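Down below is the structure, laid out as structure tokens.
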Amino acid sequence: ALGTAGTLFQGLLRNPLADPFLLGTSSGAALGATAGFLIPGLLTIAWLGFSIIAVLAFVGALVAVVVVYRLATRGGQTPVVTLLLAGVAVGAMVTAVQTLIITFGSHTNTQLAALNGWLTGEITVSNWAQIPVEASLIGLGLLAAFALTPTLDALALGEEMAGHLGIHIERAKLMIVGCAALLVALAVAMSGLVGFVGLVAPHVCRLLFGPKHRLLLPTSALFGAVFVVLADLVARWIAAPIEIPLGVVTALVGGPFFLALLSRAGVYYRW
């Protein structure tokens with residue numbers, strides 16, 4: 001899900017540094033999870049087999065993206081630069097609120113440790129009932145993303161050229177942002193804030209398979225999923241019984257690999 005979301009965001013923003021957490025999704029999810037961990041009584045609530053942490057993180061991520069998109073839209077137009085700036089501003093404000101909750105709230109060291117584990121990434125599937133729901137929603141998100149591949153290829157030529165090709169630019173932006181936000185929200189609800197995957201998976205697959213989104217989207221999804229599973233195995237095994245945060249492993253293992261691949265590609269890498 002994160003690999004596909006990263007590909008969608010990079011295709012929309014036409015920026016190789018675009019990350020699926022860029023539009024406030026990580027900050028919104030973190031605020032929701034913080035409320036779930038630290039507000040008394042919430043941890044006992046569950047819905048459809050999901051803990052309140054997963055539900056609040058999912059809702060927080062989606063709400064943050066909606067706020068960012070509404071703030072960036074004026075007169076039916078949503079400029080990419082304004083979207084990025086609104087994402088940075090909203091993310092900073094939401095993070096400040098989260099910090100205030102942690103600073104002034106009454107909580108135990110156990111609650112803070114659990115929150116820190118979620119913020120640094122961890123797979124938190126508590127029962128099998130979660131799997132069909134999560135898999136169905138992610139499957140729908142991936143199908144919607146795949147349907148957007150012609151639009152992403154057109155946007156790679158620039159908004160003006162895409163418009164000449166018959167693409168409704170603003171509608172396409174809304175669909176891409178909505179699909180990517182849904183995938184990110186579903187991912188963070190189950191795994192916390194696992195960084196690096198959504199940024200690197202699209203680049204690695206672009207280096208290996210080229211820029212055509214019909215191939216890039218499914219390979220990014222597969223690469224991101226395999227990478228997270230392997231990183232989670234390493235996090236649980238390498239220092240057992242201590243579990244290393246998943247986000248730390250994805251950065252330490254994936255970073256050097258990606259830099260080596262990028263260095264090998266050299267001047268042949270084209271965005």
Side-chain angles (χ1 to χ4, degrees), residues 1-2 5-6 8-10 12-13 15 17-43 45 47 50-74 78-107 111-122 124 141 173-174 176-199 245-248 250-251:
L2 287 176
L8 289 170
F9 273 129
Q10 290 177 9
L12 172 65
L13 303 177
N15 188 330
L17 297 179
D19 183 272
F21 293 158
L22 196 60
L23 299 186
T25 48
S26 62
S27 302
L31 179 60
T34 299
F37 276 111
L38 302 185
I39 295 178
L42 287 186
L43 277 175
I45 302 173
W47 183 67
F50 292 88
S51 70
I52 192 63
I53 307 302
V55 175
L56 290 178
F58 176 80
V59 173
L62 289 183
V63 169
V65 173
V66 170
V67 171
V68 168
Y69 200 88
R70 290 294 299 271
L71 289 174
T73 302
R74 287 291 181 272
T78 310
V80 169
V81 173
T82 307
L83 192 64
L84 289 171
L85 293 175
V88 171
V90 170
M93 289 188 292
V94 172
T95 299
V97 174
Q98 176 199 357
T99 303
L100 288 175
I101 293 175
I102 295 174
T103 302
F104 295 107
S106 57
H107 40 258
Q111 288 174 304
L112 287 178
L115 174 60
N116 182 67
W118 189 92
L119 293 175
T120 52
E122 59 180 5
T124 54
K173 289 180 182 177
L174 179 59
I176 292 171
V177 169
C179 182
L182 175 63
L183 288 171
V184 172
L186 290 168
V188 298
M190 301 300 292
S191 64
L193 301 183
V194 181
F196 193 81
V197 178
L199 176 64
L246 178 57
V248 173
T250 57

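Positions are given from 1, in the same order as the sequence printed here. In this text the structure is predicted, and so the values were computed from the model without any measurement.
Thr34 is not listed as a side-chain neighbour of Val97, based on a closest heavy-atom distance of 4.5 Å or more. Side chains of Leu119 and Gln98 form a contact here, defined as non-hydrogen atoms less than 4.5 Å apart. When side chains are defined from C-beta on, Phe58 counts as touching Leu182, because their heavy atoms get closer than 4.5 Å. Side-chain contact between Leu115 and Ile102 is present, with heavy atoms from C-beta onward closer than 4.5 Å. With contacts defined as side-chain heavy-atom distances shorter than 4.5 Å, the pair Phe21/Val188 qualifies.
What you find for Val197 and Leu2 is that their closest heavy atoms are CG1-CB, 4.2 Å. Of all heavy-atom pairs between Gly24 and Ala64, the closest is O-CB, 3.2 Å. Across all non-hydrogen atoms, the minimal contact from Ala181 to Leu62 is O-CD2, 3.7 Å. Minimum interatomic distance between Leu199 and Gln10 (heavy atoms only, all atoms of both residues): O-NE2, 3.3 Å. Residues Val177 and Leu83 share a closest heavy-atom pair of CG2-CD2, 4.2 Å. Counting all heavy atoms, side chain and backbone alike, Leu56 lies closest to Gly32 at CB-O, 3.3 Å.
Thr78 OG1 to Leu174 CG: the interatomic distance, rounded to the nearest 0.5 Å, is 7.5 Å. Note that OG1 of Thr95 and CG of Leu100 are 11.0 Å apart. Values are rounded to the nearest 0.5 Å. Once rounded to the nearest 0.5 Å, the distance linking CG of Leu84 with CZ of Phe9 reads 9.5 Å. Atom CG of Leu71 is separated from atom CG of Leu85 by 11.5 Å, given to the nearest 0.5 angstrom.
A donor-acceptor pair is defined here as one N or O able to donate and one able to accept, closer than 3.5 Å; no such pair exists between the side chain of Thr73 and the backbone of Arg70.
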